[in-house]
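Input: a single structure, listed below in structure tokens.
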2 protein chains.
Amino acid sequence: MGIVGDMTNEEDASRPATLWNDAWRGVLFATSRTLQVAEPELIATAGFPLTWLDVLAQLYDAGEAGLRMQELEQRSLFTRSGLTRLVDRIEAAGLVRREAVPGDRRGVQVVLTEEGRRRHDAAFVGHSKVIERVFGRRLTEAQLRAVAEALAPFWHDDEDRAES
Amino acid sequence: MGIVGDMTNEEDASRPATLWNDAWRGVLFATSRTLQVAEPELIATAGFPLTWLDVLAQLYDAGEAGLRMQELEQRSLFTRSGLTRLVDRIEAAGLVRREAVPGDRRGVQVVLTEEGRRRHDAAFVGHSKVIERVFGRRLTEAQLRAVAEALAPFWHDDEDRAES
DNA sequence: TGTCAACTAATGTAATAACAGTAGTTGCGA
DNA sequence: TCGCAACTACTGTTATTACATTAGTTGACA
């Protein structure tokens with residue numbers, strides 16, 4: 001039942017094992033495997049999926065004023081489209097509220113409700129523990145530091161879409 | 001005003017900036033940002049999405065015999081459900097073939113067709129270049145090595161669901 | 001002002017994913 | 001061999017996502 005069972009030691013011509021390939025594979029697997037455990041647990045304990053926590057967390061970080069739909073869309077990690085209806089659902093659950101934007105009648109400001117803040121806090125704490133257990137504890141402190149440092153650039157890019 | 005307002009301006013009480021948190025955040029962002037670029041490019045050049053490449057790659061690695069549906073489901077990174085119909089679509093496109101399993105009439109063996117292998121190879125090469133450009137080149141060699149080494153455990157686990 | 005392109009969010013529709021339930025098969029033990 | 005639980009994949013249905021289009025708003029400029 002080997003997993004990668006037949007790990008042929010010969011190099012596959014069409015699959016060069018480059019350094020960046022191994023790194024990417026690691027990142028991808030780490031994300032996938034971790035979320036496979038974390039998402040069901042989030043749903044079980046918080047009652048909503050990661051897409052909701054993503055939105056709630058962005059709004060939490062944004063503070064009082066909340067965010068415009070487009071800002072929310074740009075910042076969110078899990079939702080690339082269908083934000084309107086996602087916010088619809090979260091709003092229907094009472095965790096979020098749409099408010100008019102004073103100077104611009106096109107826009108909407110999405111804001112956390114009190115209930116939303118409470119549910120966010122609880123969910124965030126629980127989710128963090130799961131992440132720590134499933135992801136954090138599998139790495140040494142030095143490894144965590146190295147990964148955090150190496151991948152930091154990816155969450156500082158909001159404007160650089162220019163890659164070669 | 002709230003919470004953020006009258007808190008210490010540095011550390012947010014409900015968001016401790018732990019080491020593993022930063023590492024996880026990096027991994028998550030790296031995956032998200034990279035795929036946001038890579039998936040549309042894959043569709044544009046190969047004509048199919050990442051879920052297809054995921055399946056094709058697993059079958060490629062599996063070799064001649066192909067894989068049972070369940071093996072495929074366990075190994076795939078992007079598909080957690082709906083594999084039956086995903087394979088339906090890929091099969092309808094002629095990239096994959098379902099074969100009977102000799103000893104077990106319940107099972108199905110999914111195998112790459114010749115066309116499937118060609119399309120896989122082309123897609124894989126193109127996709128790799130994108131990954132290199134968007135992900136690989138943003139890290140130094142030492143960083144790539146550190147990330148690859150630290151996260152390697154995640155793609156060696158198929159049986160350890162036992163986390164604490 | 002009047003016109004128009006850009007902007008902002010929502011809507012209609014089709015594709016896909018998630019979840020529960022089903023049909024047929026297998027292997028074990030009475 | 002019969003009954004039954006486990007197994008394997010599929011189907012029915014609902015929820016969600018993706019993609020294209022639409023409605024209304026804004027700002028610039030003739």
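Lettering follows sequence order; numbering is per chain, from 1.
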- request: Kindly compute the distance separating NE2 (H120(B)) from CD (Q58(B)), expressed to the nearest 0.5 Å.
  value: 9.0 Å
query: Starting at CZ of R80(A) and ending at P of dA15(C), how long is that distance when rounded to a whole Å?
result: 23 Å
query: If we ignore angles and hydrogens, is there a donor and acceptor under 3.5 Å between the side chains of S128(B) and E132(B)?
result: no
query: Quick one: R105(B) CZ to dG27(C) C1', roughly how many Å, whole number?
result: 14 Å
- prompt: What heavy-atom pair brings T31(A) and L28(B) nearest, and what distance separates the two atoms?
  reply: CG2-CD1, 3.9 Å
- request: Classify the nucleic acid contact of G107(A) as base, sugar-phosphate or nothing, counting any heavy atom under 4.0 Å across all strands shown.
  value: sugar-phosphate
- line: When rounded to whole Å, the CG to P distance for the pair L50(B) and dA17(C) reads 11 Å
- prompt: Of all the nucleotides listed (dA18(C), dA9(C), dT25(C)), which has the minimum atom distance to the side chain of R68(A)?
  reply: dA9(C)
Per V108(A) side chain, nearest of listed nucleotides dA10(C), dT8(C), dA17(C): dA10(C)
field: Non-hydrogen side-chain atoms of V147(B) and V27(A) separated by less than 4.5 Å
entry: yes
task: Whole angstrom is fine here: how far is it from CG in D88(A) over to P in dT11(C)?
output: 7 Å
- line: chain A vs DNA chain D, heavy-atom contacts under 4.0 Å, first-to-last nucleotide span, 5' to 3', is dT16(D) to dT26(D)
- request: For M69(A) and for I43(A), locate the closest nucleotide of DNA chain C by heavy-atom distance; then report the residue assigned to the nucleotide nearer the 5' terminus.
  value: M69(A)
message: Mind checking if R85(B) touches a base, just sugar-phosphate, or nothing, with heavy atoms under 4.0 Å?
response: base
field: Length of the CD-P vector between E39(A) and dA17(C), whole Å
entry: 14 Å
D104(A) and R68(A) ion-paired at < 4.0 Å: yes
- line: Assert: residue with more 5' nearest nucleotide on DNA chain D, out of G103(A) and W52(A), is W52(A)
By side chain to side chain contact (heavy atoms under 4.5 Å, CB included) - contacts of T113(A) (at least two apart): R97(A), E115(A)
query: Across the strands shown, which category fits T79(A) at heavy-atom distances under 4.0 angstrom: base, sugar-phosphate, nothing?
result: nothing
message: Check R80(A) with E39(B), please: is the shortest side-chain N to carboxylate O separation under 4.0 Å?
response: no
task: Find the distance F78(B):CZ to dA17(C):P and express it as a whole number of Å.
output: 12 Å
